[in-house]
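One structure is given here, and the rest of the page talks about it.
Just so it is clear, the structure is predicted and the values come from calculations on it, not from any experiment. Along the sequence shown, residues are numbered consecutively beginning with 1.
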Amino acid sequence: SQEAQLATADNPEDVKKYQDRTNEAIEQFRKHHSASLKYADQPSEKQALDDSLAAFNEYVQISGKISNSARENNTQAAVATLRGESSKANKKIRDLVDKIVDDHTAGGKQAYAESAATYKRAQAWIIGVIIAAVTIGLMLALWLARIVSAPLQEAVELAESIAHGDLTKTVVPNSTCEIGQLTQALAEMNASLLNVVGEVRVGTDQISSAAAAIANGNLDLRSEEHTS
């Protein structure tokens with residue numbers, strides 16, 4: 001790592017080079033921390049980021065001690081700080097970063113599970129709506145079929161009765177639609193035919209009576225002629 005190379009640097013040029021690289025790494029960490037803090041929406045995430053920043057600040061101070069020892073050409077002190085305080089600080093930071101990663105992973109899994117549950121609920125709701133719509137559509141279709149078929153059946157039965165010579169059947173239309181108008185026309189035709197049949201029957205009875213009277217008159221006339 002840059003810090004190890006800094007601790008073991010044996011000339012000022014290398015010390016400056018590795019110190020600059022260490023400073024760049026420190027700056028990058030702070031930028032990443034600031035960016036991560038903007039997207040932290042849970043208190044636990046913000047706390048973990050704050051803890052990691054505090055541990056990192058401790059590490060920066062320890063890194064500064066290593067840098068000072070390296071500039072003083074005290075390699076032994078720099079290496080001792082690296083293996084002791086710096087190693088512990090690094091481990092603490094890694095543990096905190098691992099916790100942040102684990103929290104994000106757990107949050108991602110939870111979000112996925114919630115999304116999957118929401119999708120299933122939406123799917124079930126849509127299926128329920130479709131089933132309800134189909135059921136309502138079928139009920140409306142049956143209702144409309146009955147509305148149309150009932151008066152049409154009455155009109156057919158009336159027409160069949162007329163065709164078979166039964167003029168006694170009566171139907172009262174209960175609608176003004178085309179089928180109701182057809183039923184009304186058949187009912188009026190049935191009534192007209194019934195009147196015609198009645199008039200014909202009356203005329204037939206009158207003719208029969210007249211024929212009977214004529215027949216009786218002829219019979220009386222023949223009796224008188226025979227008597228004479």
Side-chain angles (χ1 to χ4, degrees), residues 1-140:
S1 65
Q2 300 296 328
E3 193 175 48
Q5 291 173 330
L6 174 62
T8 57
D10 55 1
N11 60 75
E13 290 79 8
D14 288 343
V15 170
K16 184 178 183 306
K17 178 176 66 174
Y18 295 127
Q19 181 62 59
D20 290 342
R21 292 180 181 178
T22 300
N23 291 337
E24 289 178 3
I26 291 172
E27 185 63 27
Q28 287 296 322
F29 180 90
R30 295 189 186 281
K31 287 182 179 179
H32 287 307
H33 176 270
S34 299
S36 299
L37 196 60
K38 292 179 181 179
Y39 296 102
D41 54 357
Q42 298 295 329
S44 59
E45 294 180 5
K46 293 180 180 179
Q47 185 61 48
L49 288 171
D50 290 342
D51 292 342
S52 66
L53 181 60
F56 184 75
N57 288 333
E58 293 178 5
Y59 165 77
V60 170
Q61 292 178 359
I62 296 170
S63 179
K65 291 173 63 176
I66 295 174
S67 178
N68 291 334
S69 297
R71 280 197 296 270
E72 294 172 358
N73 201 23
N74 191 349
T75 304
Q76 184 177 0
V79 172
T81 304
L82 174 67
R83 293 177 177 176
E85 294 179 63
S86 180
S87 179
K88 292 178 181 179
N90 267 313
K91 184 179 183 306
K92 185 177 180 180
I93 293 173
R94 286 196 301 270
D95 291 342
L96 288 171
V97 171
D98 289 341
K99 184 178 182 302
I100 293 173
V101 172
D102 291 341
D103 289 342
H104 279 286
T105 302
K109 290 180 178 179
Q110 182 179 358
Y112 172 78
E114 292 176 354
S115 298
T118 301
Y119 169 77
K120 288 182 179 179
R121 287 195 298 269
Q123 187 180 41
W125 184 82
I126 292 172
I127 293 174
V129 170
I130 292 174
I131 292 175
V134 171
T135 302
I136 293 173
L138 289 175
M139 293 176 65
L140 287 175

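Taking 4.5 Å as the limit, some side-chain heavy atom of N74 sits within range of a side-chain heavy atom of Q76.
At least one donor-acceptor pair under 3.5 Å links the side chain of T135 to the backbone N or O of I131. Between the S52 side chain and the L49 main chain, a donor and an acceptor come within less than 3.5 Å of each other.
Inspection of the E72 and N68 side chains reveals no N or O donor paired with an N or O acceptor under 3.5 Å. Residues R30 and S34 have side chains that never bring a donor and an acceptor to within less than 3.5 angstrom of each other.
The two residues L96 and A55 come nearest to each other via the heavy atoms CD1-CB, 3.7 Å. For S69 against A77, the heavy-atom pair with the smallest separation is OG-CB, 3.9 Å. Contact record, I100 with A48: CG1-CB, 3.7 Å, taken as the closest heavy-atom pair.
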Next on the checklist: Under the criterion side-chain hydrogen bond (donor to acceptor under 3.5 Å, both in side chains), I'd like the reasoning laid out for N23 against E27: C-alpha separation, chi angles, the key distance, then a yes or no.
Outcome noted: CA-CA 6 Å; N23 291 337; E27 185 63 27; over 6 Å; no
Item to check | Stepwise side-chain hydrogen bond (donor to acceptor under 3.5 Å, both in side chains) test for E114 and Q110 | outcome: CA-CA 6 Å; E114 292 176 354; Q110 182 179 358; 3.3 Å; yes
Checklist entry - Going through the distances and angles, do T22 and S67 end up as a side chain to side chain contact (heavy atoms under 4.5 Å, CB included)? => result CA-CA 10 Å; T22 300; S67 178; over 6 Å; no
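With values rounded to the nearest 0.5 angstrom, S86 atom OG is found 12.5 Å from Q61 atom CD. For the atom pair CG (L53) and CD1 (I93), the distance works out to 9.5 Å, reported to the nearest 0.5 Å. Rounding to the nearest 0.5 angstrom, the gap separating the NZ atom in K92 from the CD atom in E58 is 4.5 Å. Taking CZ from F56 and CD1 from I62, the interatomic distance works out to 11.5 Å, rounded to the nearest 0.5 Å. Note that CD of Q47 and NZ of K99 are 8.5 Å apart. Values are rounded to the nearest 0.5 Å. Taking CG of D51 as the start and CG of D95 as the end, the distance is 12.0 Å to the nearest 0.5 Å.
Look at D50 and K46 and you find no salt bridge, because none of the NZ, NE, NH1 or NH2 atoms lies under 4.0 Å from a carboxylate O.
Taking the six-membered ring where tryptophan is involved, the planes of F29 and H33 are essentially parallel, since the angle between them stays under 30° and well short of 60°.
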